[in-house]
Amino acid sequence: MVSHIREVVIDDLDGLSPAQPVAFSYQGRRYRIDLHADNLAAMRRALQPFIDHARPDPTTGPGRNSRSH
């Protein structure tokens, strides 16, 4: 007998699929949520004005652990 197991990721807000995992942080806490493309776009639109006026955190991002010896 052959079994096929399929993992379907569904949106945590409205149950639509396919969804993709999205990681974000707020006030020092990290979060993950699964979002369908429409809800991901809505999240990005909602956050964009804040991102546009924010400063990058120097303790995060590319190169934070890369040191030349």
Side-chain angles (χ1 to χ4, degrees):
M1 178 195 317
V2 176
S3 296
H4 294 277
I5 299 172
R6 183 198 298 191
E7 182 177 307
V8 178
V9 180
I10 60 169
D11 189 295
D12 290 326
L13 296 177
D14 58 20
L16 292 176
S17 67
Q20 67 184 63
V22 178
F24 65 98
S25 63
Y26 179 69
Q27 294 188 334
R29 285 198 67 176
R30 295 182 54 92
Y31 298 91
R32 291 183 63 85
I33 188 168
D34 298 327
L35 295 175
H36 183 268
D38 293 340
N39 285 333
L40 178 55
M43 180 180 173
R44 287 180 174 152
R45 280 192 307 273
L47 292 175
Q48 196 60 54
F50 300 96
I51 293 168
D52 289 345
H53 291 88
R55 304 178 292 288
D57 183 345
T59 64
T60 63
R64 74 171 197 255
N65 291 325
S66 60
R67 291 185 182 176
S68 297
H69 294 284

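Remember, predicted model here, so these are calculated numbers, not experimental data.
- For the side chain to side chain donor-acceptor pair (under 3.5 Å) test, residues two or more places apart in sequence or in another chain that qualify with N39 are D11, D14.
- Contact annotation: the side chain of L47 never approaches that of F24 to less than 4.5 Å [non-hydrogen atoms, C-beta and beyond].
- Both Y31 and M43 are members of a single hydrophobic cluster when ILVMFWY side chains are connected at heavy-atom separations under 4.5 Å.
- Hydrophobic clustering places I33 together with I51 (ILVMFWY residues linked when any side-chain heavy atoms are closer than 4.5 Å, directly or through intermediates).
- Side-chain contact between Q20 and L35 is absent, with no heavy-atom pair separated by less than 4.5 Å.
- Between A19 and H36, the closest heavy-atom pair is CB-N, 3.7 Å.
- When all heavy atoms of R32 and P21 are compared, the closest pair comes out as NH2-CB, 3.1 Å.
- When the shell of 6.0 Å around OH of Y26 is examined, it contains 12 or fewer heavy atoms from other residues, nucleotides or ligands.
- Nearest heavy atom pair, residue I10 against residue G15, reads CB-O, 3.9 Å.
- Under the 4.5 Å side-chain criterion, counting only non-hydrogen atoms from C-beta, V22 is in contact with L40.
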